[in-house]
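Just so it is clear, the model here is predicted, and its values are computed rather than measured. Note that these values count all heavy atoms, side chains included, but never hydrogens, waters or copies made by symmetry. Each chain gets a letter, A, B and so on, in the order its sequence line appears, and its residues count up from 1.
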Amino acid sequence: MPTEVIEHREAASATPRKLSTVRGRQDVLFRAAARSGGTTVLLIMTLVGVFLFVRGFDAITDAGTAFITTEAWSPNEGNFGIAAVLFGTVTIATIAIVLAVPLSIGTALYISEFAPRGLKRSLITIVDLMAAVPSVVYGLWGFLWLTDAILPIAEWISTHFGWIPIFDVDGFEPGDPLSTTTVFTASAFIAGIVVGLMVTPIASSIMREAFSQAPVGEREGALALGATRWGMVTSVVLPFGRGGIIGGTMLGLGRALGETIAVYLVISPVFVIQPNILQTGTNSISSLVALRFNEASEFELSALMAAGLALFLMTLVINFGASMVIARSRSGAESEG
Amino acid sequence: MTRHSTTRQVAAALGIVLVLVGVIQGATVRPAEAAAAHAPISGAGSTWSSNALDQWIRNVFSNYQWKISFGANGSSAGRQEFANGTKDFAVSEIPYDLAGSDAADPRPSRPLAYMPIVAGGTAFMYNLQIGGRRVTNLRLSGEVVAKIFANQITVWNDPAIAADNPGLKLPAIPIVPVVRSDGSGTTAQFTTWMRQQHPNVWNKFCQDAGRGSSCGITSNFPIVAGSRAIGQSGSNSVAGYVANPQRVGSITYVEYSYALNARYPVAKVLNAGGYYTEPTASNVAVALLGSRINEDPSSRDYLTQNLTGVYNSADPRTYPLSSYSYMIVPTTADYGFSAGKGRTLADFASYFLCEGQQQAETLGYSPLPINLVQAGQAQMLKIPGGDPQVKGINQCNNPTFSPDGSNRLANTAPMPADCDKVGPVQCTKGTGGAQDTETATSNGAAGGDDAAAGGPGGAAGPGGEAAAGDGSTIGADGEVQLAYAEPQSLPAKGLGIPLTVLMVTIGLALLVFAMVPPLAGTRRRARRSGVPPPW
């Protein structure tokens, strides 16, 4: 008996048995639908990239490497590049993220760990509602209300921290009664705050999801070992939700980089690298495209497409980076699969 | 979790089915609607003209139920959308393929005609205070205006501005020019004027902005980094920026009606006749007598304007930055332009060329003169599918029409006051949206040092609060005159308690409406599953 079994096994390992799966019709249909959905998304992404590249090809070949290093934007005279707009885009997005990350971690932690049951539901609804508010509304709010409200803060920062180069403002003398506060309007700082408040709800939703999935067993373990609630949060929830924090931040960053209309309404576009974030005048790729698209000659359009391609690639890299980070973390491995 | 997602899937599927049913129903209903006389039309373009256009659209909707939508997203965008065929008409201050323009703006293959719609003045709305009081009687010569926007005059107490304003002691605060950041017909008109009248200033500015030695007429005003200039998108944004009480020292170029709406003053601009004038309806009407219009119907640019004569008109009643804007209409029935749409557009044109012009003055524009109306009516007949009524002089009700065919508004236009003449005397009366606010001046030989000291008491703010008191002004002839003002109570502009309560209630109801379904949903799900929600 035993020898027979061994022989049988050897035969099996020599030529592996073919496993044929017979799938039901439902299963086949579902696989086809799911697969075509996934492929379509990839295909559309690729096509967008290819489209931008093809349309922007003229401008890129014409400008060469100067496209990356030139600050001015006059494609009709052949003198154009994305240095200034790229810098502005990154500045605005960075300010937005610096503001949005602590705010959304705090919101998410409060909702998932500290808020009483009744409040929790309304808070979740309100945060989701905030994410659904159109960006033009944020833009109008920033233009009509926030700009004025934030001026004293910008002025205060510039007065006391003006010795840090990025907070310096040209043409502003603290204490000079004749100086005008208009130098603080339409700045990267204000645009960054508006965009930051726009991305906070999305980032905090993702973080809350991750925090709420922290295993109950580990939470109870921490509490049973005598941890306070804060101790439990720092030792279990935050390490577990690290992927969610990074993922939410990166998704927010991606959105902040591409935000168009709110930035368009707030900023005063200039085509120089403007490192003083409190000072009037900044720029971003998406608002440049929105502002100039209507008036563009064929070549100018090509230049705008090339600028769009740069933004597309940057956002792509950031989002891929984010998904890789998320996939490596515990909560991410479960939720992103 | 799985149950939730299946419910969600079912809900989504249901949603899609509902949408599809709606679409199919819409599609089956539509042919029935097309048979109706007036199909809805949509247009886009000029923010310069949009205040007038919006009013007309409201009027024809309430009287005839014609559905017309207009997106005021800038002339450049309007021309682009018309060329693409996404809009049925466009409104623009400049034609396609403008000579001297910096940007290629080719005439589209879509056949089109230009139809004048409304005239008006590009005004310089400003926010300036002397001693805490708003200045409402600023005067500027063309050269100074050009230099302000070209960053060559940067403070309000510049000698050139002082020379225009002998009665004002201007403060040493910086000038903040506010310009359009989007592609704008107002910018195109303004730069046309700058380029033609002050080429040295304009070309130097172009160099500063890195646009080469001459940047031509442009719809995108260059913003020089490091200057105080601020760019904002749209007429409403630039006007709103200047009309903010915190923005003392700012000035912008915008259609006159925006200044009226914002209740802010506009600068009087020096014309070739030696007077400082405001862009009132009559001043614009007089100025447009000097415009040379392309009257060759066979030309592609039939009815487009050449404004050199307007800029240099020696009539003292002229406002030099006057112009009119065009509606760009299709002349063939392609790009989905149906007969029903043609009917609506042609009848709308018939309305605004005549009756609509009556409102032009109150809206801050100027009615079109008779020659432009008649030419516009000829263009209107080219709209395919239209069957408009061509109204003659007697039926038209256009305020510029008089039986002998001359321009009644220009004939009856008042001469400017003597104090508006170039010289040491300056009017105290307010301008633009701040007509009722006087500004004290130190005019003539007896001119005092402190301009703000002799403020007339009756200066009521736009908020409607009444001010009272005696104040002495120094009159034009140098004598001290005593002004006396009665306390006035103006009707409050507040909403009143019932309206406020109603608005708050509606707001709360909306909030409840938005929040109840998700809350109820989670509660029910939690109850059904017997475990607390998964967060």
Chemist: Give the minimum heavy-atom separation between A:Phe143 and B:Tyr241, together with the two atoms involved.
Modeler: CZ-N, 4.3 Å
Chemist: Can you tell which of A:Thr182, A:Leu151, A:Thr185 makes a side-chain contact (heavy atoms from CB on, under 4.5 Å) with B:Gln246?
Modeler: A:Leu151
Chemist: Quick one: what part of A:Asp148 sits under 4.5 Å from any heavy atom of chain B, side chain, backbone, both or neither?
Modeler: both
Chemist: Measure across B:Gly231 and A:Pro269 and return the closest heavy-atom pair with its distance rounded to 0.1 Å.
Modeler: O-CD, 4.2 Å
Chemist: Once you round to the nearest 0.5 Å, how far does OG of A:Ser287 lie from CG of B:Asp182?
Modeler: 11.5 Å
Chemist: Compare every heavy atom of A:Thr280 with every heavy atom of B:Ala229, then report the nearest pair and how far apart it is.
Modeler: O-CG2, 4.2 Å
Chemist: Got a sec: does the CZ of A:Phe114 have more than 12 other heavy atoms crowding it under 6.0 Å?
Modeler: yes
Chemist: Atom OG in B:Ser233, atom CD1 in A:Ile261: separation rounded to 0.5 Å?
Modeler: 7.0 Å
Chemist: Step by step, would you call B:Met515 with A:Ile126 a side chain to side chain contact (heavy atoms under 4.5 Å, CB included)?
Modeler: CA-CA 8 Å; B:Met515 285 185 49; A:Ile126 289 172; 4.2 Å; yes
Chemist: Between A:Val266 and B:Gln232, which heavy-atom pair has the shortest distance, and what is it?
Modeler: O-NE2, 3.5 Å
Chemist: Would you mind reporting whether A:Asp128 and B:Pro518 have side-chain heavy atoms less than 4.5 Å apart?
Modeler: no
Chemist: To the nearest 0.5 Å, tell me how far A:Leu129 CG sits from B:Leu511 CG.
Modeler: 7.5 Å
Chemist: State, to 0.1 Å, how close B:Arg247 and A:Thr147 come at their nearest heavy-atom pair, and which atoms those are.
Modeler: NH2-CG2, 3.6 Å
Chemist: Among A:Thr125, A:Asn79, A:Leu265, A:Val270, which residue has the highest count of heavy-atom pairs closer than 4.5 Å to chain B?
Modeler: A:Thr125
Chemist: Chain A: which of B:Ser237, B:Gly234, B:Pro222 shares the most heavy-atom pairs with it under 4.5 Å?
Modeler: B:Ser237
